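Starting from 1, each residue takes its place in the sequence as its number. Ligands are counted one by one from 1 in listed order, and the atoms in each one are counted from 1 as well. Every value quoted in this text rests on a predicted model; they were computed, and no experiment measured them.
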Amino acid sequence: MDFETIKARDDRYVMHTYARFPVDIDHGENATLWSADGKEYIDFTSGIGVDSVGCADPRWVAAVAAQAAKVGHMSNLFYTQPCGKLAERLCRRAGMSAAFFCNSGAESNEAIIKLARKWSYDKYGKGRATILTLKGSFHGRTIATLSATGQDVFHDYFFPFNEGFRYAEPTLDGVSQVAGHDVCAVLVELIQGESGVWPLEESFVQGLAELCAKRDWLLLVDEVQTGIGRTGTLFCYQQYGISPDAVSFAKGIAGGLPLGGILANEKCRDVLGPGTHATTFGGNPVCCAAALATLDILDEEMMGEIADKGDYLRRAIEAMDLPALGKTRGLGLMIGIEVAPGGSNREIARRLMDNGLLVLTAGPAIRLLPPLTITKDEMDKGLAILKQTLS
Ligand SMILES: *Cc1c(COP(=O)(O)O)cnc(C)c1O
């Protein structure tokens with residue numbers, strides 16, 4: 001089927017909630033993708049950080065197929081092995097105590113919000129349910145996670161929002177200004193992704209952890225984008241020297257299938273008991289098998305290369321000194337690139353795409369989230385397209 005026919009059908013029958021680029025992706029191999037008519041693209045997006053082990057890794061494909069051939073879904077009223085196996089693996093590698101699984105990033109943050117409020121209710125009773133989040137944050141598109149999101153642009157149209165969130169400037173003073181006796185927790189992204197790839201200051205994060213301990217607030221980290229190796233460690237908090245009470249994850253966990261969840265420490269592991277939280281698809285055996293295969297592929301060796309790959313890309317891009325681009329920022333393979341004043345990140349992304357390189361935008365920046373398994377050859381091909389397009 002040619003692209004115009006594919007597009008016309010979508011335009012007619014799919015709600016126009018996405019400003020799509022005029023490209024269809026038909027199949028791929030690691031970080032190289034092809035459209036139905038055979039055009040090749042180097043993928044610096046991994047489907048917004050989801051295809052963490054690239055496209056169609058044979059180990060991932062085999063694990064998904066094998067589990068689908070055994071049992072594709074069973075309700076959480078029964079046991080299936082992949083769910084428990086994945087929970088054990090994640091807890092061991094993260095130093096956490098227990099997991100809850102759901103299906104997306106927004107849902108994982110819904111779970112972390114409910115966990116925080118229930119924990120505080122159990123200990124202090126009513127009236128201590130407010131969660132502090134940061135200006136510039138992004139926590140999802142459901143009503144509660146939009147309420148938690150500290151960016152006004154996301155708050156048009158959908159009033160009324162939920163009470164119980166206050167937004168702080170990402171400084172200790174900023175947090176103190178919105179603190180109060182009604183607060184139970186702080187929820188942060190350590191690198192604010194959607195607003196433009198802004199890493200939080202390490203001293204701020206450590207100060208925040210101390211403040212949480214002092215005020216008996218839970219420290220919650222949204223690792224939906226930064227988690228599962230994206231920044232070079234399983235979770236980004238492991239590089240900030242903090243021990244959160246709970247962490248949410250999704251995007252990259254299952255290498256392309258929908259899976260999200262939270263991990264909680266010993267203090268919070270039993271807060272959500274039977275009947276307090278649930279989701280039909282949570283812990284689906286095929287998604288959990290996909291996640292186990294993803295973690296197998298992201299072994300210590302692969303994980304150890306992520307920081308170097310990120311450095312390699314950032315150095316190469318800065319060395320090109322392209323007039324359209326500025327400095328780079330980020331950690332591991334989560335990279336933001338400044339756009340020169342007056343330039344449009346969407347326009348740049350469009351030109352790169354025309355020449356066979358897929359990149360993302362975030363806030364005012366260009367954002368790169370390549371598969372963590374991207375090869376040097378694929379990085380070099382992508383860099384060559386970048387240079388040729390923007391020189
Ligand atoms: C993408 C993202 C979400 C939302 O995840 P969905 O799977 O789209 O619901 C939440 N928090 C952060 C930090 C994200 O990057």
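- With a heavy-atom cut-off of 4.0 Å, T226 does not touch ligand 1 at all.
- With a 4.0 Å cut-off on non-hydrogen atoms, A106 touches ligand 1 through its backbone as well as its side chain.
- Contacts between K251 and ligand 1, counted as non-hydrogen atom pairs separated by less than 4.0 Å, involve the side chain only.
- For ligand 1, the atoms sitting less than 4.0 Å from at least one non-hydrogen atom of H139 are 10 (C), 11 (N), numbered in the order shown with element in parentheses.
- Between F159 and Y157, the distance separating the two ring centers is not shorter than 6.0 angstrom.
- Distances from atom 15 (O) of ligand 1 to the protein include at least one heavy-atom value under 4.0 Å.
- At a threshold of 4.5 Å between non-hydrogen side-chain atoms, the residues C184 and W217 do not count as touching.
- With a 4.0 Å cut-off on non-hydrogen atoms, E189 touches ligand 1 through its side chain and not its backbone.
- The number of heavy atoms from other shown groups lying within 6.0 Å of CD (Q206) is above 12.
- Short contacts between ligand 1 and N109, defined as distances under 4.0 Å to a heavy atom of the residue, involve ligand atoms 10 (C), 11 (N).
- Using bins of under 30°, 30° to 60° and over 60° for the plane-to-plane angle, the ring pair F161/H155 lands in the tilted bin.
- Annotation: atom 7 (O) of ligand 1 to nearest protein heavy atom, G105 N, 2.8 Å.
- The single protein non-hydrogen atom nearest to atom 11 (N) of ligand 1 is D222 OD2, 2.8 Å, given as residue, atom name and distance.
- Heavy-atom proximity to S104, at under 4.0 Å, picks out these atoms of ligand 1: 7 (O), 9 (O).
- Using a 4.5 Å heavy-atom threshold, the side chains of L360 and L368 count as separate.
- For D296 and R59, the salt-bridge test fails: no basic side-chain N is under 4.0 Å from an acidic carboxylate O.
- In this structure the side chain of E318 reaches within 4.5 angstrom of the side chain of K327, judged on heavy atoms.
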